[in-house]
There are 2 protein chains.
Amino acid sequence: MQYKTPYTPPTVTVDAVMFQLIDNALNVALIQRSTEPFKGEWALPGGYAPQGETTLQALERIVLHKAGVSILNDLSYIEQLYTFDSVARDPRGHAVAVTYMGCGQNIHPDQAKAVVTFFPVNNLPPMAYDHAEIVKYAHNRLIAKLTYTNAVYAFLPQYFTLAELQTAYEAVFGYELDKRNFRKKFLSLGLTEETDQMRREGAHRPARLHRFKSPDLEVLSRSFD
Amino acid sequence: MQYKTPYTPPTVTVDAVMFQLIDNALNVALIQRSTEPFKGEWALPGGYAPQGETTLQALERIVLHKAGVSILNDLSYIEQLYTFDSVARDPRGHAVAVTYMGCGQNIHPDQAKAVVTFFPVNNLPPMAYDHAEIVKYAHNRLIAKLTYTNAVYAFLPQYFTLAELQTAYEAVFGYELDKRNFRKKFLSLGLTEETDQMRREGAHRPARLHRFKSPDLEVLSRSFD
DNA sequence: GCAAAAGTGTTTGGGATACACCCATGC
DNA sequence: GCATGGGTGTATCCCAAACACTTTTGC
């Protein structure tokens with residue numbers, strides 16, 4: 001194009017915001033940095049995206065290496081979040097961060113590789129870089145996804161109770177829903193079907209298990225809440 | 001971090017999808033490429049994003065230089081769209097494109113700088129790179145924005161008729177709306193107010209002019225259509 | 001008076017909301 | 001029998017959708 005002067009691109013980095021429900025609360029995976037800058041602080045898992053790899057490929061490789069998690073296999077849903085590019089966000093120099101957000105229900109970081117911990121989104125530690133902002137942005141995006149798509153499935157095992165389903169929504173939205181209205185509305189969407197299995201646990205009536213009819217992300221006919 | 005081998009970032013580029021209504025149709029600005037690759041083909045205005053500038057700053061500079069349009073001043077609304085990063089999208093080598101989408105109502109490209117033309121989204125020419133895909137993605141995002149925010153304001157002058165407003169929605173959505181229901185619903189949102197001015201043109205009843213109460217982007221209390 | 005766009009109301013159906021009690025089980 | 005969470009129905013209100021005629025102007 002028109003730039004005769006040597007063109008120097010910014011560094012390109014990738015970061016993953018991985019959500020999972022733990023004890024009925026929405027949690028996000030953070031890794032404790034072992035090197036400067038921000039040594040010892042908590043950060044999103046991520047790293048440098050080199051030429052020749054898509055950002056998602058780079059992220060898969062990096063997160064697998066640093067945290068022992070495969071974002072492609074261990075997450076049930078993943079999407080590109082946003083590209084953060086302010087010049088001062090990395091003290092080492094201008095770094096453009098292409099970020100991704102995903103959800104899973106059985107993510108087990110490999111603690112041998114690094115200190116990786118899930119923190120409740122309502123009780124996050126101080127974070128390196130602009131990662132607190134990124135997590136907040138991801139949470140807002142997630143709320144939106146759950147309202148107009150069937151993305152909740154990403155938080156649930158194959159068979160689940162309606163109470164678990166409702167709890168997933170409540171954990172993401174941050175407020176409680178009416179049980180009768182929730183069930184009526186959700187069932188009317190026709191995304192799930194009853195199974196003939198029940199879960200019995202504790203001194204109370206067993207709960208019927210449901211499952212999603214389709215494993216694919218769909219836009220809802222009527223948006224949720 | 002962990003990469004001892006020399007790290008080579010991909011090229012970072014920026015591209016702008018600029019929408020404007022022309023003759024009641026949604027149009028997008030394309031520039032005819034004057035150099036290889038894709039010489040002579042139509043493409044989104046864009047270029048290289050160097051270290052030390054945000055992608056939006058780079059885009060402002062590049063689009064001003066290549067098309068004579070200031071995305072910051074000539075667009076009423078702009079947002080980051082998506083980052084396209086497939087390895088093969090640019091034949092010269094791996095280029096990660098951070099794209100933006102915006103809307104205006106009085107965009108006048110400087111034809112002295114390049115051949116810049118607005119094309120109706122329903123009648124686009126063959127396009128360079130993956131730019132057809134990007135325009136389609138932007139159009140979908142725009143439809144979503146108009147359904148849950150007051151972003152239509154970006155297509156309209158300060159004073160406008162309800163017929164113009166409805167036409168803007170129809171041009172973006174691609175289908176027609178019922179006039180009575182449209183007015184009832186839109187007015188009930190309380191975003192606009194009547195003025196005491198009328199527009200008279202042609203052999204028919206003059207139309208009352210309205211204006212938006214606030215120039216800011218807002219999420220609607222009830223989403224639109 | 002006629003062509004052309006502006007403007008205006010009512011009916012109906014469905015979904016959202018609010019709300020309280022019985023059911024099945026383990027101990 | 002009691003504590004615990006699972007499961008269910010109804011009344012009201014508001015909004016979405018469907019639908020056709022009158023008004024104001026220029027010529």
Side-chain angles (χ1 to χ4, degrees), chain A residues 21 23-25 143 146-150 156-157 159-171 173 175-211 219-225, chain B residues 21 23-25 143 146-148 150 156-157 159-171 173-211 219-225:
Chain A
L21 296 182
D23 295 339
N24 294 341
I143 290 171
L146 260 61
T147 61
Y148 74 90
T149 74
N150 63 347
L156 298 170
Y159 296 88
F160 54 87
T161 68
L162 293 179
E164 288 170 330
L165 179 68
Q166 182 175 343
T167 295
Y169 275 104
E170 290 174 339
F173 289 165
Y175 51 83
E176 296 188 349
L177 301 171
D178 178 86
K179 182 165 57 164
R180 281 167 296 184
N181 291 338
F182 173 83
R183 290 175 182 227
K184 198 182 335 158
K185 172 152 192 184
F186 194 89
L187 294 176
S188 77
L189 293 172
L191 300 170
T192 55
E193 56 193 7
E194 286 189 354
T195 69
D196 51 8
Q197 297 177 60
M198 309 291 277
R199 176 177 302 157
R200 58 185 62 231
E201 52 174 11
H204 54 81
R205 181 172 172 174
R208 181 170 299 278
L209 293 176
H210 294 246
R211 70 170 160 229
V219 173
L220 302 182
S221 51
R222 311 194 306 278
S223 78
F224 210 87
D225 281 3
Chain B
L21 297 182
D23 294 338
N24 294 342
I143 291 171
L146 258 61
T147 61
Y148 75 90
N150 63 349
L156 298 170
Y159 296 88
F160 53 88
T161 68
L162 293 180
E164 288 171 331
L165 180 67
Q166 182 176 344
T167 295
Y169 275 104
E170 290 174 339
F173 289 166
Y175 51 82
E176 296 190 348
L177 302 172
D178 177 86
K179 183 163 58 164
R180 281 166 297 184
N181 291 338
F182 173 82
R183 289 174 182 226
K184 200 181 335 156
K185 174 154 190 182
F186 193 90
L187 293 175
S188 78
L189 293 172
L191 299 170
T192 55
E193 56 194 6
E194 286 189 354
T195 69
D196 51 9
Q197 297 175 59
M198 308 292 277
R199 175 177 304 157
R200 61 184 60 232
E201 52 174 8
H204 55 82
R205 181 170 173 174
R208 181 170 298 279
L209 293 175
H210 293 246
R211 70 171 159 228
V219 173
L220 302 182
S221 50
R222 312 194 305 279
S223 78
F224 210 88
D225 280 2

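In what follows, every chain begins at residue 1, and chains take the letters A, B, ... in the order their sequences are listed.
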Novice: Would a distance-only check, ignoring hydrogens and angles, find a side-chain to backbone donor-acceptor pair under 3.5 Å from Ser188(B) to Lys185(B)?
Specialist: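 Confirmed, Ser188(B) side chain pairs with Lys185(B) backbone.
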Novice: Are Leu191(B) and Leu220(B) close enough that some pair of their side-chain heavy atoms sits under 4.5 Å apart?
Specialist: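 Yes - at least one pair of side-chain heavy atoms lies under 4.5 Å apart.
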Novice: Between dG7(C) and Arg183(B), is there an OP1 or OP2 to side-chain N/O distance shorter than 4.0 Å?
Specialist: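 Indeed, a polar side-chain atom of Arg183(B) lies that close.
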Novice: Any idea which of dT8(C), dA18(C), dG15(C) is nearest the Lys184(A) side chain?
Specialist: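 Nearest to the side chain of Lys184(A) among the choices is dA18(C).
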Novice: Do Tyr148(A) and Phe224(A) have their ring centres less than 6.0 Å from each other?
Specialist: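 No: the rings miss the under 6.0 Å criterion.
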Novice: For Glu201(A) and Arg222(A), find the nucleotide of DNA chain C closest to each by heavy atoms; which residue's nucleotide sits nearer the 5' end?
Specialist: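 The answer here is Arg222(A).
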Novice: Could you tell me which residues satisfy salt bridge (Lys or Arg N to Asp or Glu O under 4.0 Å) with Arg199(B), sequence neighbours excluded, listed by chain and number?
Specialist: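 Arg199(B) satisfies salt bridge (Lys or Arg N to Asp or Glu O under 4.0 Å) with Glu164(B) only.
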Novice: Does the plane of the ring in Phe186(A) sit parallel, tilted or perpendicular to the ring in Phe182(A)? Use 30° and 60° as the thresholds.
Specialist: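 It falls in the parallel class, under 30°.
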Novice: Let me spell it out: for each of Asp178(B) and Ser223(B), pick the nucleotide of DNA chain D with the closest heavy atom. Which residue's pick is nearer the 5' end?
Specialist: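 It is Ser223(B), whose closest nucleotide lies nearer the 5' terminus.
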Novice: As a test of reading the structure: which of dC19(C), dG26(C), dT8(C) is closest to the side chain of Arg180(A), going by heavy atoms?
Specialist: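 The answer is dC19(C).
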Novice: Checking Tyr159(A) now: which residues fulfil ring pair (Phe, Tyr, Trp, His ring centres under 6.0 Å) with it, not counting sequence neighbours?
Specialist: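 So Tyr159(A) forms no ring pair (Phe, Tyr, Trp, His ring centres under 6.0 Å) with any residue.
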Novice: What's the CG-P distance between Leu177(A) and dT17(C), to the nearest Å?
Specialist: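 Rounded to whole Å, this separation is 10 Å.
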Novice: Looking at Thr195(B) and Leu209(B), would you say the former's side chain and the latter's main chain have a donor-acceptor pair under 3.5 Å?
Specialist: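 Yes; judged by distance alone, with no hydrogens or angles, the pair exists.
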Novice: Going by the salt bridge (charged side-chain N to carboxylate O under 4.0 Å, His left out) test, which pairs reach into residues 201-210 of chain A, not counting sequence neighbours?
Specialist: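 Of all non-adjacent pairs touching residues 201-210 of chain A, those that pass salt bridge (charged side-chain N to carboxylate O under 4.0 Å, His left out) are Glu194(A)-Arg208(A).
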Novice: For residues 203-211 of chain A, which residues have at least one heavy atom under 4.0 Å from DNA chain C?
Specialist: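 Here the set is Ala203(A), His204(A), Arg205(A), Pro206(A).
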Novice: Could you tell me the boundaries of the chain A footprint on DNA chain D, defined by atoms under 4.0 Å from its heavy atoms?
Specialist: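 In short, chain A contacts DNA chain D from dA3(D) to dT10(D).
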Novice: Please examine the side chains of His210(A) and Glu193(A), heavy atoms only from C-beta on, and report whether any two atoms are closer than 4.5 Å.
Specialist: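 They are not in side-chain contact.
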Novice: Answer yes or no: side-chain N or O of Lys179(B) and base N or O of dG7(C) forming a donor-acceptor pair under 3.5 Å.
Specialist: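 When only heavy-atom distances are counted, Lys179(B) does reach the base of dG7(C) through a donor-acceptor pair under 3.5 Å.
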Novice: Taking Asp23(A) for the side chain and Ala25(A) for the main chain, is one N or O donor matched with an acceptor at less than 3.5 Å?
Specialist: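 A pair under 3.5 Å: no.
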Novice: How about CD on Gln197(B), more than 12 heavy atoms from neighbouring residues, nucleotides or ligands closer than 6.0 Å, or not?
Specialist: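 Atom CD in Gln197(B) is packed in, count exceeds 12.
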Novice: If you take any heavy atom closer than 4.0 Å to DNA chain C, which residues from residues 186-199 of chain A end up in contact?
Specialist: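 Close to the strand, none.
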